[in-house]
Chemist: 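I have a structure I would like to understand better, so I am pasting it below and will then ask my questions one at a time.
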Amino acid sequence: MFDSKSNLAENFISHDEIIKVLDFGKDHMNDTEMVKKILKKAESLSGLDRYEVSVLLHACENKDNQALREGIFAMARKIKERIYGKRIVMFAPLYVSNYCINGCKYCGYHTGSGICRKKLTQQEVAEECRAIEAMGHKRIALEAGEDPKNCDIDYIIECMKTAYSTKNGNGEIRRINVNIAAADEDIYRKLKEAGIGTYILFQETYHKPTYEKLHPSGPKSDYEYHTTAHDRAMRGGIDDVGIGVLYGLYEYKYEVIGTMLHVKHLEDTFGVGPHTISIPRVKMAEDVDLSLFPNIVTDEQFKTIIAVIRLAVPYTGMIISTREEQNFRDEIISLGISQTSGGSCTGVGGYAKRIKCGECDSGSDDQSTAQFKVSDVRSEAEVSKALLKNGYIPSFCTACYRAGRTGDRFMQLAKTGDISNCCLPNAMLTLAEYALDYGDDEFNRLTFDVIQKERENILDEKVRNKFDEYISLIKSGQRDFRF
Ligand code: SAM
């Protein structure tokens with residue numbers, strides 16, 4: 001199973017294969033019958049192969065056939081609705097250190113950039129966590145630059161321990177996803193022991209020459225080591241891994257097909273694909289000139305990427321961040337996004353600083369230590385309220401991870417459709433907690449209206465009755481119920 005030769009990056013991210021798949025898509029982009037057939041297959045929730053994905057990506061570029069594109073988007077919305085319903089999982093990033101020894105051309109952390117270098121003390125990590133908890137978040141993505149001297153694995157583990165043990169009233173961090181540089185198996189084993197949720201690592205670009213050009217120095221310049229990191233993470237015992245491309249570094253269709261090959265490799269090797277796919281776009285950053293990036297993805301192309309990935313891997317979570325601007329975020333969520341951040345700060349120590357500056361939890365950011373500029377600067381409460389008003393259920397659920405439903409056990413739950421009796425009630429229980437602990441009157445009204453309406457969609461009567469009982473207990477001040 002773990003034949004080291006077959007796990008070489010070039011064996012699963014083959015440039016020649018990607019080009020062959022892209023040529024196939026180009027040749028069939030006007031084949032309306034083929035597109036219809038592919039959409040029919042997507043509707044069965046069985047996912048799509050890379051050739052089908054390529055045809056859809058190309059078909060969406062066909063300006064003469066807008067109906068085709070609209071049909072693809074409509075199917076993405078339908079699938080998103082069928083699998084995720086109205087739920088959207090909320091999280092906040094926590095940047096603990098911006099020390100970095102890499103030379104990544106697009107990142108504000110690169111060596112020699114003018115940012116203030118900072119690493120949080122454990123007391124500061126606790127302050128950040130209290131500030132994040134005061135916004136109502138239960139799930140964080142812990143982020144750090146790569147610097148084995150200033151920010152080694154023991155420091156990251158300390159930060160995780162601090163985060164899990166820091167409470168603020170009813171607030172607590174219940175799941176920590178970690179986004180740190182590619183590492184060896186022993187480090188992943190330590191992260192597993194410390195209670196990691198998902199290990200997230202972005203490929204940035206699957207196109208090797210571009211990767212090598214944009215990562216000229218530091219450990220991250222090793223394409224092979226970076227691309228095989230998720231394999232080591234899974235061998236190190238981490239069940240849930242997250243992948244992603246930084247869109248804008250290379251041609252987007254190439255990247256989507258690269259993503260499909262990566263998904264297939266993880267599925268073939270470990271029996272389960274990535275838990276999440278993040279869809280970040282490159283943003284302005286300190287000492288980074290965006291005009292040097294000729295592959296910046298337009299909003300329309302970005303919508304295509306999200307819709308097509310949703311059809312291809314219907315059960316895989318898809319994440320967007322506050323890199324995306326407010327109105328556009330609401331639009332793309334409907335095409336397939338299942339997780340989003342809110343009230344984010346990409347600076348080190350920025351949450352606590354914001355409170356000290358009297359800026360409440362709004363997403364404006366101190367840029368002196370930030371990795372890149374956020375576009376959606378609303379507070380978490382504003383983001384969640386806007387979602388509620390648009391008919392969504394902001395979810396603060398972390399139940400699967402805490403009940404051990406990770407890796408293939410999670411996929412089993414998703415695929416058997418038991419989501420209506422598990423994920424839906426859990427999302428509403430955590431939303432009720434959030435409303436009562438952090439919401440204003442309008443938020444509470446919107447929350448309990450939505451709960452009243454959506455409880456009908458809990459199909460199992462026993463679960464529905466239990467759900468009603470839990471909601472009463474939450475109203476009486478008790479917390480942390482889950483299915
Ligand atoms: N040090 C870790 C690594 O090497 O993967 C974590 C990196 S960083 C904390 C998280 C992600 O931010 C990176 O993987 C990159 O995709 C993204 N990022 C870096 N610069 C960016 C920019 N200018 N705009 C948007 N995202 C950026």
Side-chain angles (χ1 to χ4, degrees), residues 91-111 113 115 117-120 140-148 150-153 155-156 159 177-183 187-188 191 198-206 210-211 214-223 225-230 232-233 241-250 255 259 276-293 295-297 302 319-325 341 344-348 350 365 367 369-376:
F91 75 97
L94 168 60
Y95 285 78
V96 294
S97 167
N98 61 13
Y99 283 94
C100 196
I101 56 169
N102 289 311
C104 316
K105 296 274 191 199
Y106 49 84
C107 180
Y109 286 5
H110 69 85
T111 41
S113 103
I115 58 163
R117 300 289 167 177
K118 185 167 167 59
K119 167 187 168 182
L120 299 178
I140 59 172
L142 193 149
E143 314 262 350
E146 179 167 16
D147 186 334
N150 285 300
C151 176
D152 63 6
I153 186 61
Y155 169 73
I156 297 291
C159 292
N177 298 333
V178 177
N179 180 357
I180 58 167
I187 287 184
Y188 292 126
L191 286 169
T198 307
Y199 171 65
I200 298 172
L201 181 72
F202 299 163
Q203 177 61 29
E204 319 300 5
T205 173
Y206 285 102
T210 302
Y211 185 96
L214 294 176
H215 302 94
S217 59
K220 197 166 170 175
S221 59
D222 186 340
Y223 179 90
Y225 190 68
H226 188 80
T227 311
T228 51
H230 301 85
R232 291 190 297 282
V241 296
I243 62 173
V245 157
L246 183 57
Y247 284 95
L249 304 188
Y250 191 62
E255 304 287 24
T259 304
T276 55
I277 298 180
S278 296
I279 328 271
R281 279 198 284 188
V282 70
K283 300 291 297 178
M284 253 175 40
E286 173 74 24
D287 203 19
V288 173
D289 181 358
L290 277 193
S291 69
L292 299 177
F293 293 84
N295 291 295
I296 297 293
V297 164
F302 200 57
I319 307 178
I320 53 160
S321 71
T322 51
R323 288 176 182 87
E324 298 304 329
E325 179 257 314
S341 47
S344 298
C345 189
T346 61
V348 179
D365 219 339
Q367 285 299 300
T369 61
Q371 192 192 18
F372 57 85
K373 206 167 162 18
V374 302
S375 296
D376 185 342

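The structure displayed is predicted, hence computed values, not measured ones. Ligands are counted one by one from 1 in listed order, and the atoms in each one are counted from 1 as well.
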Chemist: Just jot down the ligand 1 atoms closer than 4.0 angstrom to any heavy atom of Leu201, in number order.
Modeler: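 Contacts of ligand 1 toward Leu201, numbered from 1: 5 (O).
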
Chemist: Which of the numbered atoms in ligand 1 are under 4.0 angstrom from any heavy atom belonging to Cys107?
Modeler: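 Going through ligand 1 atom by atom, the ones under 4.0 Å from Cys107 are 19 (C), 20 (N).
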
Chemist: Between Tyr106 and ligand 1, find which residue part has any heavy-atom pair under 4.0 Å and reply side chain, backbone, both or neither.
Modeler: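 Both of them.
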
Chemist: Of the side chain and backbone of Leu246, name the one, both, or neither that has a heavy atom under 4.0 Å from an atom of ligand 1.
Modeler: side chain

Chemist: As a quick check of understanding, evaluate ring pair (Phe, Tyr, Trp, His ring centres under 6.0 Å) for His215 and Tyr106, giving each step before the final call.
Modeler: CA-CA 9 Å; His215 302 94; Tyr106 49 84; 5.4 Å; yes

Chemist: Give me the nearest non-hydrogen protein atom to atom 27 (C) of ligand 1 as residue plus atom name, then the distance to 0.1 Å.
Modeler: Phe372 CD2, 3.8 Å

Chemist: Are Pro219 and Tyr225 side-chain neighbours, meaning at least one heavy-atom pair lies under 4.5 Å?
Modeler: no

Chemist: Mind checking what makes side-chain contact (heavy atoms from CB on, under 4.5 Å) contact with Cys107, not counting sequence neighbours?
Modeler: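 Cys107 satisfies side-chain contact (heavy atoms from CB on, under 4.5 Å) with Cys104, Tyr109, Gln371 once adjacent residues are dropped.
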
Chemist: If you apply the rule side chain to side chain contact (heavy atoms under 4.5 Å, CB included), what do you find for Phe91 with Asn177, and how did you get there?
Modeler: CA-CA 10 Å; Phe91 75 97; Asn177 298 333; 5.9 Å; no

Chemist: Which heavy atom of His230 sits nearest a heavy atom of Val241, and at what distance?
Modeler: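 Closest heavy-atom pair between His230 and Val241: CD2-CB, 3.9 Å.
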
Chemist: Please tell me if the side chains of Tyr250 and Val245 come closer than 4.5 Å, counting only heavy atoms from C-beta onward.
Modeler: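 No, their side chains stay 4.5 Å or more apart.
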
Chemist: Heavy-atom pairs closer than 4.0 Å: do any link ligand 1 to the side chain of Ala144, the backbone, both, or neither?
Modeler: backbone

Chemist: Counting heavy atoms only, which of Met284, Arg281, Lys220, Glu204 comes nearest to atom 3 (C) of ligand 1?
Modeler: Lys220

Chemist: Could Arg232 and Tyr199 be counted as a cation-pi pair, given that NZ or CZ must be under 6.0 Å from the ring centre and within 45° of the axis?
Modeler: no

Chemist: When you measure from atom 26 (N) of ligand 1 to each heavy atom in Arg323, Lys283, His215, which option holds the nearest one?
Modeler: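 Looking at heavy atoms only, the winner is Arg323.
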
Chemist: Using a 4.0 Å heavy-atom cut-off, which part of Val288 comes near ligand 1: side chain, backbone, both, or neither?
Modeler: neither

Chemist: Please report which non-hydrogen protein atom sits nearest to atom 8 (S) of ligand 1, along with the residue it belongs to and the distance in Å to one decimal place.
Modeler: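 Here the closest protein heavy atom is Gln371 NE2, 2.9 Å.
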
Chemist: Pull out every atom of ligand 1 sitting under 4.0 Å from any heavy atom of Ala285, numbered as shown with elements.
Modeler: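 In order of number, 23 (N).
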
Chemist: What residue and heavy atom of the protein are closest to atom 10 (C) of ligand 1, and at what distance?
Modeler: Asn179 ND2, 3.3 Å

Chemist: Any side-chain heavy-atom pair from Arg281 and Glu324 closer than 4.5 angstrom?
Modeler: yes

Chemist: For atom 9 (C) of ligand 1, which of Glu143, His110, Glu146, Lys105 has the closest heavy atom?
Modeler: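 It is Glu143 that holds the nearest heavy atom.
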
Chemist: Under the 3.5 angstrom rule, does the side chain of Asp147 hit a backbone N or O of Ile101 as a donor-acceptor pair?
Modeler: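 No; judged by distance alone, with no hydrogens or angles, the pair does not exist.
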
